[in-house]
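Structure first, then comments.
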Amino acid sequence: MPRLDVVPGARTPRLLAIVQAGGKGSRMDVLTRERAKPALPFAGSYQLIDFALSNLAHSRIPDVWVSVQYQAGSLDRHLAQGRPWDLDRTRGGYRRLVPEQGDSSSVEGFSSGNADNLMRLADDIAALGPDIVIVSSADHVFRLDLREVIEQHLRRGAEATLVTTTVPLAQAKHKAVVTVGRGQRVTAVDYKPKVARSGVIASEVFVYDAPVLLAELDALRRERAAVDPGLSDGLGDFGEHLVPRIIARGRTYAFALQGYWMDLGRPSAYLSAHRDLLRGKVDVFDDPEWPILTRFPELPPARVDRDGRVDDALLSPGVVVSGTVRGSVVGPGCLIESGATVEDSVLMDGVRVEAGAVVRGAILDDRVVVEHDAVVGETPSRWPAADSAITLCGADARVRRATVLPPGARLEPGGST
């Protein structure tokens, strides 16, 4: 186990983690109309927020705050006051944060990005008085022992540590590209560049020296307020103002994440990550000493009937397959009737695909019904597929009998063809 009191005789630092469960996730389109993006399921029985919370719980971080802005209620039942991660303690543990209005001097209302979110929490952070603040996104699939990151952070006397990962250049341009010099010192961050010169990016897990973080947030707030007294555009995301400013101080370091990492913020990435799971590329579930904790569905085991066929697929509890499932992940309580086919798709909770229906290259949200002989989507001609090639059906949508929902179509929650 990594030591956190790396200076002989020094006290153990007080740790606070903030999980940013964020905004609308608009790139996921109809799938996040009625839920926060971290509430999206992954691998059938899990939700995206499980990965950040499990990493923090196993790393023994005593105080974990979950900051939610959009559709906060969509996470509440699943989070269950932090119980699945043993965070439901009398002192410390889990705390849910939502935008507030009142008479305090802190900035109120919805934030304009993840750095702006930290600014709006600055008074709460200062009141707790941590030495170190760990900030993690809630919509990424990864496994990480934060104790190793914190140990390196303390040993190097860092003011900030950026956990980095490496992605293809085509993906890097949508992220914060990190320049790392000698001794893993971070010298620059290029936020969402037009052309990425490197695939090394910030994985959106940060470790900050708390006094430095609060001081820089306050300085940025004052500077921005001088230009815009209403602070209408806030501080934006971390790569716009906050992290570049801390990097300029000269004591920011990188910690290279080992193993699988994926940001599931786009339909193409969401479907690709499930394909990676079926092909054994996702290692986050491999360590029995580091299980991904969740609020597990209370359903019986999956069943494949005599006429059912399943190839290269993952079936969640409560699933009944009487038809054919290939290359797909099927969520809890789904029913695939006799003569129905599901290929290269992800089905969420309680989806019903009726006899003779075909689903290919699609993501179907909770309780979608695909009626008899309907056709939804088409298997993309290449992988990773473009977002425009993936068919999405929102929660409680219905594809009527014998109708065709073409590749790339979007069916709104509760809508029908």
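Only this structure's heavy atoms are used, side chains among them; waters, hydrogens and symmetry mates stay out. All values derive from a computational prediction rather than experimental measurement.
Across every non-hydrogen atom of D349 and P332, the tightest pair is OD1-O, 2.8 Å. S136 and V205 get closest at one heavy-atom pair: OG-CG2, 4.0 Å. Considering every non-hydrogen atom in both T294 and S45, the closest pair reads OG1-O, 3.8 Å. A pairwise comparison of heavy atoms in V66 and A21 identifies CG1-CB, 4.1 Å as the closest pair. Across all non-hydrogen atoms, the minimal contact from A176 to V189 is CB-CG2, 3.7 Å. The minimum heavy-atom distance between A138 and P38, with the atom names listed, is O-CB, 3.4 Å.
Electrostatic pairing of D209 and R251 does not count as a salt bridge here, judged by no charged N lying under 4.0 Å from a carboxylate O. We find that R155 and E151 are joined by a salt bridge, their nearest charged nitrogen and carboxylate oxygen being less than 4.0 Å apart. A salt bridge links R249 with E216: at least one charged nitrogen is closer than 4.0 Å to a carboxylate oxygen. A salt bridge between D29 and R33 is present, with a side-chain N of the basic residue lying under 4.0 Å from a carboxylate O of the acidic one. For the pair R309 and D311, the salt-bridge criterion is met [side-chain N within less than 4.0 Å of a carboxylate O].
Listed by first then second residue, pairs satisfying side-chain hydrogen bond (donor to acceptor under 3.5 Å, both in side chains) with a partner in residues 282-293 read N55-W290, not counting sequence neighbours.
Within the 3.5 Å criterion, the main-chain N or O of A402 finds no donor-acceptor partner in the side chain of D373. In this structure, the side chain of S74 engages the main chain of A36 through a donor-acceptor pair within 3.5 Å. E371 contributes no side-chain N or O that, together with a main-chain N or O of R400, makes up a donor-acceptor pair within less than 3.5 Å. When atom types are taken as modelled, the side chain of H274 and the backbone of A43 share a donor-acceptor pair closer than 3.5 angstrom. Between the side chain of S59 and the backbone N or O of I61, no donor-acceptor pair lies under 3.5 Å.
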Take Q81 and D88, measure what side chain to side chain donor-acceptor pair (under 3.5 Å) needs, and give me the verdict at the end.
CA-CA 6 Å; Q81 298 297 317; D88 54 333; over 6 Å; no
Please lay out, stage by stage, how D63 and Y94 fare under the test side chain to side chain contact (heavy atoms under 4.5 Å, CB included).
CA-CA 6 Å; D63 290 279; Y94 170 86; over 6 Å; no
Using the side chain to side chain contact (heavy atoms under 4.5 Å, CB included) rule, take Y208 and I132 through it: C-alpha gap first, then chi angles, then the decisive distance, then the call.
CA-CA 6 Å; Y208 294 105; I132 288 175; over 6 Å; no
Any chance you could lay out the side chain to side chain contact (heavy atoms under 4.5 Å, CB included) test for V167 and W261, step after step, and finish with the verdict?
CA-CA 9 Å; V167 300; W261 178 92; 4.0 Å; yes
Side chain to side chain contact (heavy atoms under 4.5 Å, CB included), that's the test. Do F206 and T161 meet it? Break it down for me.
CA-CA 6 Å; F206 307 90; T161 298; over 6 Å; no
Could you walk me through whether E354 and R352 pass the salt bridge (Lys or Arg N to Asp or Glu O under 4.0 Å) check?
CA-CA 6 Å; E354 296 182 351; R352 185 169 84 246; 3.0 Å; yes
Let's go through N117 and S67 carefully: what are the C-alpha distance in whole Å and the side-chain angles of both, what is the deciding distance for side chain to side chain donor-acceptor pair (under 3.5 Å) to 0.1 Å, and is it a yes or a no?
CA-CA 8 Å; N117 176 246; S67 178; 2.9 Å; yes
Evaluate salt bridge (Lys or Arg N to Asp or Glu O under 4.0 Å) for K37 paired with D139, printing each intermediate quantity in order.
CA-CA 7 Å; K37 186 166 62 170; D139 49 14; 2.9 Å; yes
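L162 places none of its side-chain heavy atoms less than 4.5 Å from the side chain of F255. Between D396 and V369, the closest side-chain pair of non-hydrogen atoms is not below 4.5 Å. Here the side chains of I201 and T166 are not in contact, with every heavy-atom distance at 4.5 Å or above. No side-chain heavy atom of R245 sits under 4.5 Å from any side-chain heavy atom of E240. Side-chain atoms of D50 and L293, non-hydrogen and from C-beta on, never get closer than 4.5 Å to each other. Looking at heavy atoms from C-beta onward, L31 lies in side-chain contact with I363 at the 4.5 angstrom threshold. The shortest distance between side-chain heavy atoms of L40 and R35 falls below 4.5 Å. At a threshold of 4.5 Å between non-hydrogen side-chain atoms, the residues L411 and V30 do not count as touching.
Classification of the H140-F142 ring pair by plane angle, with boundaries at 30° and 60°, yields perpendicular.
Distance check, rounded to the nearest 0.5 Å: CZ of R367 to SG of C334 gives 11.0 Å. Going from atom CD of Q184 over to atom CZ of R156 covers 6.0 Å, rounded to the nearest 0.5 Å. The CG atom of D86 sits 12.0 Å away from the CG atom of L53 when rounded to the nearest 0.5 Å. Distance OG1/T252 to NE2/H153: 9.0 Å, rounded to 0.5 Å. In this structure, the separation between CZ on R95 and CZ on R89 is 14.5 Å, given to the nearest 0.5 Å. Taken from CD in Q20 to CZ in F238, the straight-line distance is 9.5 Å, to the nearest 0.5 Å.
Paired with D263 under the rule side chain to side chain donor-acceptor pair (under 3.5 Å), one option of Q171, H174, K175 passes, and it is K175. Considering L97, V19, V133 in turn, L97 is the only one that fulfils the side-chain contact (heavy atoms from CB on, under 4.5 Å) rule with W65.
For the residue pair D276/Y260, the side-chain donor-acceptor check at 3.5 Å is satisfied. Side-chain atoms of Y253 and R185 include a donor-acceptor pair closer than 3.5 Å. Remark: the D387 side chain and the S268 side chain contain an N/O donor-acceptor pair separated by less than 3.5 Å.
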I'd like a table of donor-acceptor pairs (distance under 3.5 Å, sequence neighbours excluded) in which one partner is a side-chain atom from residues 321-330, with atom names and distances.
residue	atom	partner	partner atom	Å
S322	OG	D305	OD2	2.5
R326	NH1	E343	OE2	2.5
S328	OG	R326	O	2.9
S328	OG	D344	N	3.0
S328	OG	S345	N	3.0
S328	OG	S345	O	3.4

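For CZ of R197, the number of neighbouring non-hydrogen atoms (other residues, nucleotides, ligands) closer than 6.0 Å is 12 at most. Shown here is R77, whose CZ atom has no more than 12 heavy atoms of other residues, nucleotides or ligands within 6.0 Å.
The aromatic ring centroids of F42 and F51 lie less than 6.0 Å from each other.
The side-chain tip of R275 points at the ring of W383 from less than 6.0 angstrom away and within 45° of straight on.
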